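Taking it in order: structure first as structure tokens, then the write-up.
Every heavy atom of this structure was used, including side-chain atoms; hydrogens, water molecules and symmetry mates were not. We name chains A, B, ... by the order of the sequence lines, and we start the count at 1 in each one. Since this is a predicted model, take the numbers as computed values, not measurements.
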Number of protein chains: 2
Amino acid sequence: MPSTSDLPPPPNAPAPAPPRRGEARAKLLDAAVDIIRAQGYAATTVDDICRGAGLTKGAFFHHFASKEECAVAAAAHFAARAQSVFETAPYRGAVDPRARVLGYVDFRKAILQGALPQFTCLLGTMTQEAYQTHPAIRAACDRYIGEHAACVAEDIAAARRLYAPGAEWTPDSLALFTQAVIQGAFVLAKARHGAAVAADCLDHLRRYLETQLPAGAAKPRRKAP
Amino acid sequence: MPSTSDLPPPPNAPAPAPPRRGEARAKLLDAAVDIIRAQGYAATTVDDICRGAGLTKGAFFHHFASKEECAVAAAAHFAARAQSVFETAPYRGAVDPRARVLGYVDFRKAILQGALPQFTCLLGTMTQEAYQTHPAIRAACDRYIGEHAACVAEDIAAARRLYAPGAEWTPDSLALFTQAVIQGAFVLAKARHGAAVAADCLDHLRRYLETQLPAGAAKPRRKAP
DNA sequence: GTGTCGATACCAACCGGTCGGTACTGTGTC
DNA sequence: GACACAGTACCGACCGGTTGGTATCGACAC
């Protein structure tokens, strides 16, 4: 997949793109996230990432000691970007924790847009192929998946207190389940080359969460459709 | 670790000590399944597979035109082995389709034994890294995941007729959801380096299936009131 | 100058795939 | 049953291109 920055600059370009000075690392990380999501970690070469970032190997190995270190940094970069997306998502404004939990699923469904590599998860992708051979990558993916799950678990815990105080499950366990569904939905979407199956999975996940946090069990009341 | 003799040997095999002459292909496929599940497709070299099978590159390229063709054959090999496992599993004997659906989840939970590469899914692993770069592998994984889901969907359809005739979901959609949970559970298990989280996910899946196929709702069979 | 940052040139190891060759097996022929 | 012959199964050295990583140097900022 040729990137758009392959094109040579126009002959009359006065300043060949003033490369701002501290930008290279971020560009490399952005490129790494995109390309690894599309091709996987092992199949992605350092040159691929450099080409995607419009830089050279000199820059790459100036910022990262190795390809593996770049992958770990890319996991952190991806997680940070994701966190800011979810932190500012509209569903976060709901007062009712149950609404936030269901809103999370709706939001995840809403962002199943564009091409597959644009909405699938770098962490799940790298985990699958590096979990045994690259411990540092595995640990990074585990950590950031866990941190995201912990955010979901907070809302679930609050909702549980209000709507299902006697539930059999723990908030952490249910939060991890939501992540499993999401990761699995991505796998199926990749296999089928389409996001529709992932949306269906999120519908099932929402239905499960609705039954486990029954709306009638607390003060808010909800009508059946 | 290298399960060279997984196949049940014939009871009265003449068993000449030297490796029998038509065995190489099966050994290569067994090795490919094992190693790709542990390392991923791209990180697995042809030499790795040959070493795992105790053979040489000459043998490999005698049986497969390319590494990719071997991966496609390995997917088929893996799917065939899995199919025979599930076909003969005890839960298949249940008369009640609901019991078969729940028994399927219990069985999947029961086989979360041993090291991670031994129970995770080759199809999901290869899909994640090859879905864009190796169309033939993607298609094979899609096909075999779909065929397995279709088997699950049969039981779900029968259970739905009896226990949830008015359910919102289709059997196919719910069957795919079970596969998503399983694939996602594998991803989390790999990230955490342990199968416990996968078992938790299967508990949630079972709970969802129980609520969607309510046991008390069994309609009188055959005769309508 | 000194340190940061990136480019260019280069290397040794490795990888998928090729190729000429060998060993074994089955078959038709006498 | 000996033999020639053909086809299949397998071996392992080898090749060209690629890969992660290194060495060196120039350009700019302070």
**Report entry** Distance in angstrom units between B:Arg25 CZ and D:dT8 C1', rounded
**Finding:** 15 Å
Query raised in the report: Does the side chain of A:His63 get closer than 4.0 angstrom to OP1 or OP2 of C:dG6 through an N or O atom?
Result: yes
Requested in this report: On the 0 to 90° scale, with breaks at 30° and 60°, tag the B:Trp169-A:His204 ring pair as parallel, tilted or perpendicular.
Outcome: tilted
Query raised in the report: So, A:Lys67 and A:Asp48, do they make that salt bridge, N to O below 4.0 Å?
Result: no
Query raised in the report: Roughly, in whole Å, what's the span from NZ in B:Lys27 to C1' in D:dC10?
Result: 12 Å
Query raised in the report: Using the ring of each side chain (for Trp, its six-membered ring), is B:Phe107 parallel, tilted or perpendicular to B:Tyr91, with breaks at 30° and 60°?
Result: tilted
Query raised in the report: When the distance from CG of B:Leu55 to P of D:dA13 is rounded to whole Å, what number comes out?
Result: 16 Å
Report summary line: Atom NE2 of A:His62 and atom C1' of D:dG20 are separated, to the nearest Å, by 18 Å
Query raised in the report: Could you run down nucleotides 9-21 of chain C 5' to 3' and tag each one B, S or - for protein heavy-atom contact under 4.0 Å?
Result: ------SBBB---
Requested in this report: Check whether any side-chain heavy atom of A:Leu28 sits under 4.5 Å from a side-chain heavy atom of A:Phe64, and report yes or no.
Outcome: yes
Query raised in the report: So, do B:Tyr144 and B:Phe78 have ring centers that fall under 6.0 Å from each other?
Result: no
Query raised in the report: Who are the salt bridge (charged side-chain N to carboxylate O under 4.0 Å, His left out) partners of B:Arg108, not counting sequence neighbours?
Result: none
